[in-house]
Amino acid sequence: SQQGEEDPQALSIQEGENATMNCSYKTSINNLQWYRQNSGRGLVHLILIRSNEREKHSGRLRVTLDTSKKSSSLLITASRAADTASYFCATDAYLQFYFGTGTSLTVIP
Amino acid sequence: DSGVTQTPKHLITATGQRVTLRCSPRSGDLSVYWYQQSLDQGLQFLIQYYNGEERAKGNILERFSAQQFPDLHSELNLSSLELGDSALYFCASSGGQGGSPLHFGNGTRLTVT
């Protein structure tokens, strides 16, 4: 399968703590994207990191990419209850997007 | 609002039947993707169209077919439905350029009884 795999499958933290999710993939990529999904809704794009980048920031989000290990991580700092959602990585290879199985994040107020 | 419209929102039908799901992409987006999301399978890529032409196929069953019309809207046809086809079906669109993010609709929830 060309899908990525997120780890952990589920994560529960207290509000204000940081949340880290990892993604591993199998094929060469042009870029890697992270998406968020609130229960039963469509996915929303969060951040994109290109294959020649190692780290990228957007607000409370920090993404790293290690192409030698075929892995990425998403860090959400100072989490809020509203961050409760599922998070997916998507690998973009030649304009085909393959999603992982997702990490379900619960932020407890 | 992503700008991607999917209809219907919910669909309940019986095994053996055929249904059509419709997607209108975000204005200006040429590429349309279809995904199936079920509880135990995650988000499965089905098929992609770019400006009316099929570009890539994923795990799409032979009972399923899709097309993209000249006005760029797309339809996903599911036939000979089985209980296991019950899932959320998402359409996403993008500009088709490298690095363009996907914009997702809110999905069609299909229940096969």
Side-chain angles (χ1 to χ4, degrees), chain A residues 1-10 21 23-53 56 58 61 63 65 67 72 74 85-104, chain B residues 1-7 9-10 21 23-26 29-51 53-60 87-111:
Chain A
S1 169
Q2 293 173 279
Q3 285 184 309
E5 290 185 8
E6 286 91 346
D7 171 63
Q9 287 189 326
M21 290 157 259
C23 167
S24 59
Y25 58 92
K26 297 177 182 177
T27 63
S28 296
I29 60 172
N30 296 325
N31 62 67
L32 186 141
Q33 304 183 24
W34 284 88
Y35 289 78
R36 164 194 168 125
Q37 183 183 33
N38 287 77
S39 180
R41 307 281 289 179
L43 281 72
V44 176
H45 179 258
L46 293 176
I47 193 168
L48 176 152
I49 186 166
R50 300 188 187 281
S51 59
N52 62 354
E53 297 176 313
K56 199 161 184 181
S58 177
L61 304 180
V63 170
L65 179 64
T67 53
S72 174
L74 172 67
S86 291
Y87 292 81
F88 295 84
C89 66
T91 52
D92 173 7
Y94 308 103
L95 301 178
Q96 296 176 35
F97 292 81
Y98 290 90
F99 285 80
T101 49
T103 291
S104 177
Chain B
D1 182 14
S2 68
V4 178
T5 304
Q6 287 189 250
T7 57
K9 290 183 180 179
H10 302 277
L21 312 183
C23 169
S24 293
R26 200 175 64 131
D29 283 354
L30 299 178
S31 204
V32 168
Y33 300 75
W34 286 98
Y35 288 88
Q36 178 193 58
Q37 186 178 38
S38 52
L39 282 174
D40 58 346
Q41 295 278 336
L43 206 66
Q44 296 286 323
F45 168 63
L46 296 179
I47 197 164
Q48 178 201 356
Y49 283 85
Y50 179 80
N51 202 19
E53 300 290 326
E54 181 185 303
R55 173 172 277 188
K57 259 186 178 179
N59 301 320
I60 188 167
L88 260 174
Y89 290 84
F90 286 106
C91 167
S93 71
S94 79
Q97 306 300 319
S100 299
L102 295 182
H103 302 275
F104 279 79
N106 282 324
T108 292
R109 182 172 293 281
L110 174 66
T111 302

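Here is how names work: the chains are called A, B, and so on, in the same order as the sequence lines, proteins then strands, and each is numbered from 1. Values reported hereafter were calculated over all heavy atoms of this structure, with side chains retained and with hydrogens, waters and symmetry mates removed. Values in this document were obtained by computation on a predicted structure and should not be read as measured data.
- Contact detail for B/S100 and A/Q33: the closest heavy-atom pair is O-NE2, 3.5 Å.
- Using a 4.5 Å cut-off between heavy atoms, A/L48 touches chain B through its side chain atoms alone.
- One finds the CG atom of B/L88 at 11.0 Å from the CZ atom of A/R41 (value rounded to the nearest 0.5 Å).
- Not counting sequence neighbours, the partners of A/E53 by the side-chain contact (heavy atoms from CB on, under 4.5 Å) test are A/I49, A/R50, A/K56.
- Interface residue B/Q37: only side-chain heavy atoms are found under 4.5 Å from chain A.
- B/L102 touches chain A through backbone and side chain together, each having a heavy atom under 4.5 Å away.
- Contacts of B/T7 classified as side-chain contact (heavy atoms from CB on, under 4.5 Å), with partners at least two apart in sequence or in another chain: B/T5, B/R22.
- Contact annotation: the side chain of B/L43 never approaches that of A/T101 to less than 4.5 Å [non-hydrogen atoms, C-beta and beyond].
- The distance between the ring centers of A/F99 and B/F45 does not fall below 6.0 angstrom.
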